[in-house]
Asks: 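Have a look at this one before I ask anything.
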Amino acid sequence: MGLIVQKFGGTSVKDAERIFNVAKIVTDTYSAGNDVVVVVSAQGDTTDDLIAKAAEINANPSKREMDVLLSTGEQISISLLAMAIEKLGFPVISLTGRQAGFVTQTNYGNARIKSIDSHRLHRELDKHRIVVVAGFQGLNRFDDITTLGRGGSDTSAVALAAELGADLCQIYTDVDGIYTADPRIVKNAIKLDEISFDEMLELASLGAQVLHNRSVEMAKKYGVNMEVVSSLERKPGTKVKEVVKMEKMLVRGVARDDNVARVAVIGLPDEPGIAFKIFTLMAKKNINVDIILQSIGRHNTKDISFTVPLDQVDTAKEALESQLDVLKAEKIEIADNVSKVSIVGAGMQSNPGVAAKMFEALYENHINIHMISTSEIKISVLIDRKNSEKAMNAIHDAFIG
Ligand code: ADP
Ligand code: ASP
Ligand code: MG
């Protein structure tokens, strides 16, 4: 008996049958004597469809209006799920992000949650109602709707669990837990019973979309008891926690990120201040720069290349091309057909040879590496996108088998 937050993703609520399936899970939890707060995402591909609809009207709409549009997907889901729960004969109320008290930072499209005013939530729970909350959205200080970034409903759920001091935050999805790699790409992927916050945070940040990275960050910060479970089969999932009992595996997982492009600034003078100018330009445009590579200067020129999110590459290119004279660069080259493939494992920091083994797996599959980056618990490589599935399988086989 306690307070449980349950979050259901798009595929879990994609049609009437799935909505009733979710209503059954929720009402069973309620019948067992728990208070239940439910967070839902937009049905199926609704968010993508809304983005496509916007593009038919305006190729460059304001972020504010995009958020007004995208937040509607979740509003459909909360009403439909509440209707299904009503039909099963249980007390229920749906709340939009604003009604549930979500206050976010101002930036549209990728806002962070600042706080939750939980008065309304508490009032509804006191009335013993099941509360169904729209994920992915809040209100900023201008009284405008904001969204939390793609996949952000996970973060809505964890934030609610933290605010309400929930006993458990369950993320229900279309796989039965967290695997050593996306089980849809790597057939030999192994389901984990548990994973540490730190490792999951790296995996999520490196492209494993099973959890929104900020949800993991928040669960770690507030010590939220979190698990990923299947909405389609009732069986144990994967617990995400501070410390895991399992021995530190050399490599806990493999992840892929396709939302990446490489920008190369060619023929720069080999003199101080060049990197400063390039990355100041990127920072001014709010572009997230990831892997950076600078060639050794030869004949007084050098090249600097770096990766940016695919959806920011056009902005990066325009900004650099407008400053070619100032940078004294020859040209800008873009590669937008690349993927970042990474391995993550807390055991890696005390084991030499991990990188060599990863590169060997790629070499054996004739896969060329464009860029490399490492940290204590991860190694990433940039490769051609067409090779990314082969690379994931090869690397997974080499470390996890
Ligand atoms: P939801 O709509 O429920 O939020 P998502 O599509 O966002 O679901 O996330 C679930 C998907 O994440 C799975 O269908 C799977 O393909 C993918 N995925 C990527 N990496 C992993 C991983 N390491 N373990 C499990 N699933 C993963
Ligand atoms: N509906 C949003 C998306 O598709 C949020 C989410 O699914 O978590 O990104
Ligand atoms: Mg998701």
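For ligands, and for the atoms within them, numbers begin at 1 and follow the listed sequence. In this chain, residues are counted from 1 in sequence order.
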Asks: What atoms of ligand 1 come within less than 4.0 Å of a heavy atom belonging to Arg184?
Replies: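 Heavy-atom distances to Arg184 below 4.0 Å select 13 (C), 14 (O), 15 (C), 16 (O).
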Asks: Which of the atoms of ligand 1 are close to Lys7, meaning less than 4.0 Å from one of its heavy atoms?
Replies: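 Checking each atom against Lys7, I get 4 (O).
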Asks: Counting non-hydrogen protein atoms only, what is the nearest one to atom 24 (N) of ligand 1? Give residue, atom name and distance.
Replies: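 For this ligand atom, the closest protein heavy atom is Tyr179 N, 2.9 Å.
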Asks: Whether Lys7 engages the ring of Tyr172 as a cation-pi pair (distance to the six-membered ring centre under 6.0 angstrom, angle to the ring normal within 45°) should be assessed.
Replies: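 No, Lys7 and Tyr172 do not form such a contact.
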Asks: Got a second to check how far Gln209's CD is from Asp258's CG, nearest 0.5 Å?
Replies: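 Spacing of CD (Gln209) from CG (Asp258) equals 10.0 Å.
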Asks: Should the proximity of Gln43 to ligand 1, defined as any heavy atom under 4.0 Å, be assigned to the side chain, the backbone, both, or neither?
Replies: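 Gln43 to ligand 1: no contact under 4.0 Å from either part.
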Asks: Just go through Asp182, Thr180, Asp45 and tell me whose heavy atom is the nearest to atom 21 (C) of ligand 1.
Replies: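 Among Asp182, Thr180, Asp45, the closest heavy atom to atom 21 (C) of ligand 1 comes from Asp182.
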Asks: Provide, to 0.1 Å, the distance between atom 3 (C) of ligand 2 and the closest protein heavy atom, together with that atom's residue and name.
Replies: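 The answer is Arg150 NE, 3.3 Å.
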Asks: Report the nearest protein non-hydrogen atom to atom 7 (O) of ligand 2: residue, atom name, distance rounded to 0.1 Å.
Replies: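 Going by distance alone, atom 7 (O) of ligand 2 is nearest to Ser41 OG, 3.3 Å.
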Asks: Which one of Arg256, Met200, Gln209, Arg150 has a non-hydrogen atom at the shortest distance from atom 11 (C) of ligand 1?
Replies: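 Going through Arg256, Met200, Gln209, Arg150 one by one, Gln209 has the nearest heavy atom to atom 11 (C) of ligand 1.
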Asks: Go through Ser71 and Thr147 one step at a time and tell me if the side chain to side chain donor-acceptor pair (under 3.5 Å) criterion holds.
Replies: CA-CA 7 Å; Ser71 65; Thr147 63; over 6 Å; no
Asks: Between ligand 2 and Gly151, can you find any atom pair, the residue atom being a heavy atom, that is separated by under 4.0 Å?
Replies: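 Contact present.
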Asks: Among all the protein's non-hydrogen atoms, which is closest to atom 2 (O) of ligand 1, and how far away is it?
Replies: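 That would be Gly10 N, 3.2 Å.
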Asks: Within ligand 1, which atoms have a heavy atom of Ile178 less than 4.0 Å away?
Replies: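 Near Ile178, meaning under 4.0 Å from one of its heavy atoms, ligand 1 has 24 (N).
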Asks: Looking only at heavy atoms of His212, does any of them come nearer than 4.0 Å to an atom of ligand 2?
Replies: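 His212 does not count as a contact of ligand 2 under the 4.0 Å cut-off.
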Asks: I'd like the name of whichever of Ala134, Ser153, Gly135, Ser71 reaches closest to atom 8 (O) of ligand 2 through any heavy atom.
Replies: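 It is Ser153 whose heavy atom sits nearest to atom 8 (O) of ligand 2.
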Asks: Using a heavy-atom cut-off of under 4.0 Å, does the side chain or the backbone of Val175 touch ligand 1, or both, or neither?
Replies: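 Under 4.0 Å from ligand 1, Val175 contributes side-chain atoms alone.
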Asks: If the cut-off is 4.0 Å to any non-hydrogen atom of Ala208, which atoms of ligand 1 fall inside it?
Replies: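 Counting from 1, the qualifying ligand atoms are 20 (N).
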Asks: Is Lys127 atom NZ crowded by more than 12 heavy atoms from other residues, nucleotides or ligands, each under 6.0 Å away?
Replies: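 Correct, the count exceeds 12.
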Asks: Tell me, which protein residue and heavy-atom name are nearest atom 13 (C) of ligand 1, and how many Å apart are they?
Replies: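 For atom 13 (C) of ligand 1, the nearest protein heavy atom is Asp174 OD1, 3.5 Å.
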Asks: Nearest protein heavy atom to atom 3 (O) of ligand 1, by residue and atom, and its distance?
Replies: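 Atom 3 (O) of ligand 1 sits closest to the protein heavy atom Thr173 OG1, 2.6 Å.
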